[in-house]
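Residue numbering restarts at 1 for every chain, and letters A, B, ... go by the order of the sequence lines.
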Number of protein chains: 2
Amino acid sequence: MKSTIRPTIAIVAHKAEVSIATVSRVLNGTAPVDEATAARVRSAVADLNYLPQAAARTLASRRTNTLGLLLPEISGFFFQPLLRGVESATSEAGYDLMVHTTHKPLPGGIPRRPLAEHNTDGLLIFTDSVRLRELNRLSSINFPVVLLHQTPPKALGIPYVTIENRSGARKLVEHLITIHHCRRILFLRGPDGHEDSRLRENGYRDALKAHNLSLDSSLIKKGGFNRDEARATVEKILLDGLDFDAVFCGDDDSAVGALQALRQAGKKIPEGIALVGFDDQEFASTTTPPLTTVRAPTEQVGRDAVRMLVNLIQGQNVALRLVHPTELVIRESCGCNLVKRR
Amino acid sequence: MKSTIRPTIAIVAHKAEVSIATVSRVLNGTAPVDEATAARVRSAVADLNYLPQAAARTLASRRTNTLGLLLPEISGFFFQPLLRGVESATSEAGYDLMVHTTHKPLPGGIPRRPLAEHNTDGLLIFTDSVRLRELNRLSSINFPVVLLHQTPPKALGIPYVTIENRSGARKLVEHLITIHHCRRILFLRGPDGHEDSRLRENGYRDALKAHNLSLDSSLIKKGGFNRDEARATVEKILLDGLDFDAVFCGDDDSAVGALQALRQAGKKIPEGIALVGFDDQEFASTTTPPLTTVRAPTEQVGRDAVRMLVNLIQGQNVALRLVHPTELVIRESCGCNLVKRR
DNA sequence: CTGAAAGCGCTTACAG
DNA sequence: CTGAAAGCGCTTACAG
């Protein structure tokens, strides 16, 4: 912020021979202004390359005009479409976007609160990126918040948007059971306490139960929604000689890891073992074989969450819950559509 | 920003029985304060859950404490590590981060300037996301800017950070020529006017020249740094019956597209045609066959750019140019390391 | 349609 | 070490 003197509203006003109130009015369209006067203002603005200071505007108007997005991490294939949806919808709504990841909670002490009511008009919070205590605080001061992929603590009245995890997982596992006659389906679950992970596991259990397959808890292992973790898990399982005829990976990332481990061990997919993922990430169609998975409309989740947040900020009524449908995407890794290869 | 009344510095001061100046001093550590007094202030801050308004702070101090990142798009695998590097370094430096993509320049008229001197202390600008006119303006007011993957217009004196595109590409193509005896190497270039793309093409030409291979311009086609575009291009080439024994894809994204098209057409890779990419994106090790490519330290580019920008903002001297080395990553798609497969 | 003025909530010389 | 006060650059009643 060093540099040459920057024009202020007073300088523009002086140049256009009007009061600063009038400049403000033509810039914001907040009250009728004589057209000739407005034209003088506009030309002064252009000549001076005037840009109203956001901070002064915010202080006077009590609106930051920015939305905050809190994520546990910014990398990971999953966040790509989410970010795209959030960013474009935010921009279209005329807001600025601040992003912060909550990697490691700072040691020692005071939660830093990098994004909150002091610098945004509302917050989009992804699973696990904020402590319950802070969520309670935000809720208690009635600050606009929308949760992503996480049900809010009961009775907090915070709206959220997520996807149909449970039924999606169930349909996928049932496909394995009914079409491909799998009986011992390994499930690679996501991180502990992660809601998507828990619901997908429920869907898995639902499917087994619906087809009278008993649940073998030794078939539920950690995949961590993470390629490397999934690979390591499958490698170990193979060493242990666990018997299974299919793998339901908690997400597409872990599916890639599982695929690597299985192939490394000489297993054929899908002939020897069927494998399916979840999310339908962009790369899912390009693995070998192409991945059968469940399509999660992640970008749409981001867009809708922004829309809800903006409505909240504007004091409109908002649905407390928006759950996007998911859809089976049958490719080849389950054993369908098998094409002769060289 | 609706909601209950929020505590101000005056309320904290009153509760702690000090002046607002003292509250400010203990919060910012900007002057010595008696320890007992400071303790009273801290406890009042905690009791009231006081968060200083960023806008008021900015207005009074003339620092926004935020960095802006301007990108052409936020999706695309390439941007993942870049974002991660920028976000984490920004946070570590104690700044907030605003992100904006410049997808479609607004029709009609006035460039919106969503991120500039009115709401940030400095800008990180990725190739092609800002018009030259705006870059000139920022430079003329001496506003801190660091360019990513783009050489600034001559004599503007804007620092930039990028990678060794040309020599990286050259080494890669020379590998194809000397080790795998490729002679007709198709080059799938990136978007027009994109500096990374142009330099990689130069590297390609350098390699041919160094080995006395004549340049066949019919072997240079559009890949667009884009999977779908690359796939379409290769499909067309195959139809046209163009003769080639290797493909140098401008980036790993286009490599995936080329791979799909070639496999679809029954070509064996690398036995029939060698294929290489650029960037070493996260998925490069998991394609089939694993992709030989050039490692670009994209996350590091992001981190260093932030470091330079922060130095600039603080008025320190900064190198005008930081070029990260790239490194050959030999996997299997070029024909090396061939493992017997079933 | 227009202006004078108060006020948003902080930081920062200036005094003591 | 501490406080009173000016000032940052806007928006927004209030008057006219």
message = In dot-bracket form, 5' to 3', how is DNA chain C paired? Count Watson-Crick and G-U wobble pairs only if both distances fall under 3.5 Å, and write | where the partner sits on another strand.
response = |||.||||||||.|||

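- Comparing B/Thr37 and B/Leu59 by the nucleotide of DNA chain D that holds the closest heavy atom to each, the one mapping nearer the 5' end is B/Thr37.
- Closest to the side chain of B/Ser19, out of C/dC10, D/dC8, D/dA4, is D/dA4.
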request  = Treat primed atoms plus P, OP1 and OP2 as sugar-phosphate and everything else as base, then score nucleotides 11-16 of chain D 5' to 3': B for base contact with protein heavy atoms under 4.0 Å, S for sugar-phosphate contact only, - for none.
outcome  = BBB---

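- Ionic pairing of B/Glu134 and B/Arg137 is present here: one or more N-O contacts between side-chain nitrogen and carboxylate oxygen are shorter than 4.0 angstrom.
- Salt bridge annotation for B/Arg40-B/Glu35: absent, with no cationic side-chain nitrogen under 4.0 angstrom from a carboxylate oxygen.
- Heavy-atom minimum distance, B/Leu67 versus B/Leu309: CG-CD2, 3.8 Å.
- Nucleotide C/dC10 holds its P atom 15 Å from the CG atom of B/Asn65, rounded to whole Å.
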Between side-chain atoms of residues 78-86 of chain A and protein atoms elsewhere (two or more places apart, or another chain), which donor-acceptor pairs fall under 3.5 Å?
from	atom 1	to	atom 2	distance (Å)
A/Arg84	NE	A/Glu299	OE1	2.9
A/Arg84	NH1	B/Ser75	OG	2.8
A/Arg84	NH2	A/Glu299	OE1	3.3

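- A straight line from CZ of A/Arg63 to P of C/dG9 spans 16 Å, rounded to a whole angstrom.
- For D/dG9, one of the phosphate oxygens OP1 or OP2 lies less than 4.0 angstrom from a side-chain nitrogen or oxygen of B/Arg62.
- C/dC10 atom C1' lies 7 Å from atom OH of B/Tyr50, rounded to whole Å.
- Spacing between atom CD of A/Glu17 and atom P of C/dC1 amounts to 20 Å, rounded to whole angstrom units.
- The CD-P distance, from A/Gln53 to C/dC10, rounds to 18 Å in whole Å.
- At C/dG3, one or more side-chain N or O atoms of A/Thr22 fall inside 4.0 Å of OP1 or OP2 (strictly under the cut-off).
- Taking a cutoff of 4.0 Å between a charged side-chain nitrogen and a carboxylate oxygen, A/Arg6 and B/Glu117 do not qualify as a salt bridge.
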task = Go through the steps for B/Arg113 and A/Asn49 under the test side-chain hydrogen bond (donor to acceptor under 3.5 Å, both in side chains), then give the verdict.
result = CA-CA 11 Å; B/Arg113 291 204 262 264; A/Asn49 250 318; 3.1 Å; yes

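- A/Ile11 has its CD1 atom 9 Å from the P atom of D/dG9, to the nearest Å.
- Under the 3.5 Å distance criterion, the side-chain polar atoms of A/Ser91 are left unmatched by any main-chain donor or acceptor of A/Ser88.
- Contact record, B/Gln150 with B/Asp128: OE1-N, 3.8 Å, taken as the closest heavy-atom pair.
- At a cut-off of 3.5 Å, with distance as the only test, a side-chain donor of A/Thr151 or A/Glu195 sits close to an acceptor on the other residue.
- Nucleotide D/dT2 holds its P atom 5 Å from the CG atom of B/Asp34, rounded to whole Å.
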